[in-house]
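The structure under discussion appears below in the form of structure tokens.
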Amino acid sequence: MSLANNGNVVIALKTPEPRPRVNLTRFHGVFSPNSKLRRDVVPQKLVEEQENLKPKAYSMTWAQRLKRVFAIEVEKFEKCGGPV
């Protein structure tokens, strides 16, 4: 751990980033996930970055899968065509 020219703390990890092994870092005190002061010391994402996020993917229902793969419509009645 060392100080940068602008006063920020620089932490060097033991292993380089591209390796598949994940570095385990635990935070305590102000940097802990549930700290009330964390938002004051951790930089926040820009508003533009948060707005450009993709919507979360959702799982297809079985009815949607049957319709897509086998062209079977299970959400409609065969005789009248109304919704099930």
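Residue numbers run from 1 in the order of the sequence given.
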Between NZ of Lys67 and OG1 of Thr61, what distance do you get to the nearest 0.5 Å?
10.0 Å

Work out which heavy atom in Met60 is nearest to a heavy atom in Gln64; give both atom names and the distance.
CA-OE1, 3.3 Å

Report all side-chain donor-acceptor pairs from residues 29-38 shorter than 3.5 Å, counting only partners two or more places apart or in another chain.
residue : atom : partner : partner atom : Å
Ser32   : OG   : Gly29   : O            : 2.8
Ser35   : OG   : Val30   : O            : 3.4
Ser35   : OG   : Leu37   : N            : 3.2
Arg38   : NH1  : Phe31   : O            : 2.4

Same cluster for Val69 and Val74 if Ile/Leu/Val/Met/Phe/Trp/Tyr side chains link at under 4.5 Å?
yes

